[in-house]
Protein chains: 2
Amino acid sequence: MTSVLVVDDEPQIVRALRINLSARGYDVLTAFDGKTALSVAVEGKPDVVVLDLGLPDIDGVDVIAGLRGWSSMPIIVLSARTDSSTKVEALDAGADDYVTKPFGMDELLARLRAAVRRKTTQVVDEPIVRTSTFTVDLADKRVHREDREVHLTPTEWGLLEILARHPGRLVSQKQLLQEVWGPMHVNETQYLRVYLAQLRRKLEHDPAHPKHLITEPGMGYRFQL
Amino acid sequence: MTSVLVVDDEPQIVRALRINLSARGYDVLTAFDGKTALSVAVEGKPDVVVLDLGLPDIDGVDVIAGLRGWSSMPIIVLSARTDSSTKVEALDAGADDYVTKPFGMDELLARLRAAVRRKTTQVVDEPIVRTSTFTVDLADKRVHREDREVHLTPTEWGLLEILARHPGRLVSQKQLLQEVWGPMHVNETQYLRVYLAQLRRKLEHDPAHPKHLITEPGMGYRFQL
DNA sequence: GGCCGTCTTTACGCGTTCTTGATGGCCCGA
DNA sequence: TCGGGCCATCAAGAACGCGTAAAGACGGCC
């Protein structure tokens, strides 16, 4: 389900959007100020953000910057300001679209559909991570070992992808568990042992003495190039 | 250099845009009607299109459809119409943005920058995708197998098109469902099974052991050349 | 109204994947 | 030296996802 984060300090606007979006099958998250918006965005990983510029605490442009720091999710700005300098500022800060209040609900919904459509069809340039033994193609979601494709299960891929996106870096057990199994399973460290063993069996020359999928006891795991 | 195709039947608008865009380092192509626009777009492969809806020959929405048939270049619609039904129509036809005349030049430029920024590396310029068994013509929306045309239903084509536009890449179930059936149906994975089976029956030599339409269990599907 | 092509929905068998518990090894501090 | 963490490995049942067939629903067209 597509999830939308609605950020506005006017309750009636939030309410109207919640009703309309829910009715169309969207999952709706809400926030009434900038600080909440940023934290909810981190927690909920929405697919698109509808953001009012006139928030009580943080300037809207700074909220955009805060989101753009780590995510490329589409941002649709709502604002009562019609002057073009504000629009330009918001768009150049990284907003994807700008809708002036008062707005028509069907127009906003259409712009939302357009934003989501763009997001899902766009292709990002993702690297191929290589080790001496195997290569991980993050775009194609494929793994090769000596020119042979290695088949991974969804969970195996989920783990390997996170590790491969941070080559050389220590990734904590908690982070791995949270991203692959969700927040409810951050203590099931046993899962990690089982799946790391499987990955090593599929990818390492000597699974008992791994060269690339390294355990850091008590801390987490490291993808060594 | 980024190239922009400006389509408008009002010469003064085209002129104003040409001057402003050229001054900012864009390469500018122009057309005064829909037919010219479509052919110039094919010839010149612009990076982004600024399109007036009120053209003398073809309805603007049809121009959008004509472009979207083979390309995913960003389209920014210009129009004097402020009613939201027109906006919704244009956006749902595949436009990326909608600007109401009269517009501020700096706002249009900001929206243009936003559109170009969003568009990252695009996958498919070659509108014909070939495998050993069958051929997919993305421009004509036709599929041939051993010189015989294979008839596909709209849904079958929708699926195949998305897969063929990302050859070799794993496309997630969610993305396929979202793009073909819409955001409300991203969990109806059964649809995918049914339609992939139909496509395989029509296109694969041995539908039970597909060579090109590959399932990646739990993750999605892959168009293998 | 009846036909036809298309889309949606249900059901079932089968193979794969996930989860879970058990066992044993290693390292380090007591 | 012993005990407690922490980790690696194995195995087995449960749960899941896939392919397939077929029936029902829908809508356009004659």
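Note on naming: letters A, B, ... go to the chains in the order of the sequence lines (proteins, then strands), and numbering restarts at 1 for each one. Please read these numbers as outputs of a predicted model, since none were measured by experiment.
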So if I take every side-chain heavy atom of [X] and compare against [options], which nucleotide ends up nearest?
X	options	answer
B:Pro154	C:dT6, C:dT17, D:dC18	C:dT6
B:Arg193	C:dT20, D:dT20, D:dC7	D:dT20
A:Gln173	D:dT20, D:dC7, D:dT9	D:dC7
B:Pro217	D:dC18, D:dT9, C:dC7	D:dC18

Between [atom2] on [N] and [atom1] on [X], what's the gap in Å once rounded to a whole number?
X	N	atom1	atom2	answer
A:His151	C:dG15	NE2	P	16 Å
B:Tyr195	C:dG5	OH	P	15 Å
B:Gln198	C:dG5	CD	C1'	11 Å
A:Leu159	C:dT17	CG	P	15 Å
B:Tyr191	D:dG19	OH	C1'	18 Å
A:His185	C:dT19	NE2	P	7 Å
A:Arg200	D:dC10	CZ	P	13 Å
A:Leu199	C:dT17	CG	P	13 Å

- Task: Look at B:Glu179 together with B:Arg165 and state whether they make a salt bridge at an N to O cut-off of under 4.0 Å.
- Result: no

Report yes if a side-chain nitrogen or oxygen of [X] is closer than 4.0 Å to either non-bridging phosphate oxygen (OP1 or OP2) of [N]; otherwise report no.
X	N	value
B:Thr189	D:dG17	no
B:Thr155	C:dT6	no
A:Thr215	D:dC7	no

- Query: Any donor-acceptor pair under 3.5 Å between the side chain of B:Gln190 and the base of C:dT10?
  - Reply: yes

- Under the 3.5 Å rule, do the base of C:dT6 and the side chain of B:Glu156 count as making a donor-acceptor pair? no

- Message: Could you check whether atom CE of A:Met105 has more than 12 heavy atoms from other residues, nucleotides or ligands sitting under 6.0 Å from it?
- Response: yes

- Item | Atom of B:Ile64, atom of B:Ala93 and distance for their closest heavy-atom approach | CG2-O, 3.4 Å

- Query: How close do B:Leu51 and B:Gly60 get, heavy atom to heavy atom, and via which atoms?
  - Reply: CD2-O, 4.1 Å

- Message: Classify B:His209 by what it touches in the nucleic acid, base, sugar-phosphate, or nothing, heavy-atom distance under 4.0 Å.
- Response: nothing

- Task: Using heavy atoms to find the nearest nucleotide of DNA chain C for A:Val194 and A:Leu152 separately, return the residue whose nucleotide is more 5′.
- Result: A:Leu152

- Task: Go through A:Arg200 and A:Asp206 one step at a time and tell me if the salt bridge (charged side-chain N to carboxylate O under 4.0 Å, His left out) criterion holds.
- Result: CA-CA 8 Å; A:Arg200 287 181 183 132; A:Asp206 181 0; over 6 Å; no

- By nearest nucleotide on DNA chain D, pick out whichever of A:Gly218 and A:Arg201 is the more 5' one. A:Gly218

